[in-house]
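Below you'll find the structure, written out as structure tokens, and then a few comments.
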Amino acid sequence: MRIVLLGAPGSGKGTQAARLVEHYQVVQVSTGDLLRAAVAAGTELGIKAKAAMDEGQLVSDDIVLGMIRERLAQPDTERGFILDGFPRNIAQAEALDEMLADLGRPLQMSILLDVPLEDLMQRLTGRMTCSECGAVFNRYTHPPKTEGVCDKCGGELVQRGDDNEDTVRRRLEVFQEQTAPLVEYYDRDGRLARVDGQRDIEQIAADFREILDPIAPGKS
Ligand code: AMP
């Protein structure tokens, strides 16, 4: 299984990817997670990426493509991978197609998790992530049982630095300008599937499985 999860920030890509990883035993590759880890570790790459991330702008294609190339070369991706937050613009999508063609493992599908832009502000500014297990909650739409505490593992819930209102606004603009054209890019040659992201997490997950079962590892 080799797929891209396409969707605006806050559309629920990370939540669905985590479920798919468990269900199909494939890996999730999130450029946002890789970049945040590099920033936290204070690597050279992290230092270069940080300013753009804090502003809600895209990190340069060079940095992101280098990271993806390295990640997809690792053997745990052989059974399948779900790209989450990558590609973010047409140049990245073209580079990905080339990279995968060279590896003889072309992308099978891109799935758009469709959520109206007006819902995303609340989803993003209310988002809280567990610092221990990565589970995602939302102050407004999916609150934890105890404020600030993860239902799953008891870890502390934290808000991402770039989930403040100003940065969110910029990230949504960047999505509209640079990432939204990817819908047409993948639709053009029949590689796009759409899922309505405005429903319950379980219903969305069921739609994903219906689309992905035919290309599940072992079947493709
Ligand atoms: P995310 O967790 O996917 O929302 O990403 C957080 C931030 O990391 C974004 O606002 C960008 O600054 C940066 N980022 C993540 N993925 C990419 C990408 N594919 N290309 C450029 N920047 C990215």
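In each ligand, atom 1 is the first atom listed, and ligand 1 is the first ligand listed.
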Got a sec, which pairs hit ring-ring contact (aromatic ring centres under 6.0 Å, His included) with one end in residues 182-214, sequence neighbours left out?
-> none

May I ask you to say whether Asp97 pairs ionically with Arg191, meaning some side-chain N is under 4.0 Å from a carboxylate O?
-> yes

side-chain hydrogen bond (donor to acceptor under 3.5 Å, both in side chains) contacts touching residues 173-183 (sequence neighbours left out) | Arg170-Glu173

Give the protein residues with at least one non-hydrogen atom closer than 4.0 Å to an atom of ligand 1, ordered by chain and number.
-> Thr31, Gly32, Leu35, Arg36, Met53, Gln57, Leu58, Val59, Val64, Gly85, Phe86, Arg88, Gln92, Arg160, Asp162, Arg171

For Val168, the other hydrophobic cluster members (4.5 Å side-chain criterion, sorted by chain and number) are Val115, Leu117, Leu120, Met121, Leu124, Leu172

First locate atom CG of Asn164, then atom CZ of Arg169, and finally report the distance between them rounded to the nearest 0.5 Å.
-> 10.0 Å

Got a salt bridge between Arg123 and Asp163, using NZ or NE/NH1/NH2 to carboxylate O under 4.0 Å?
-> no

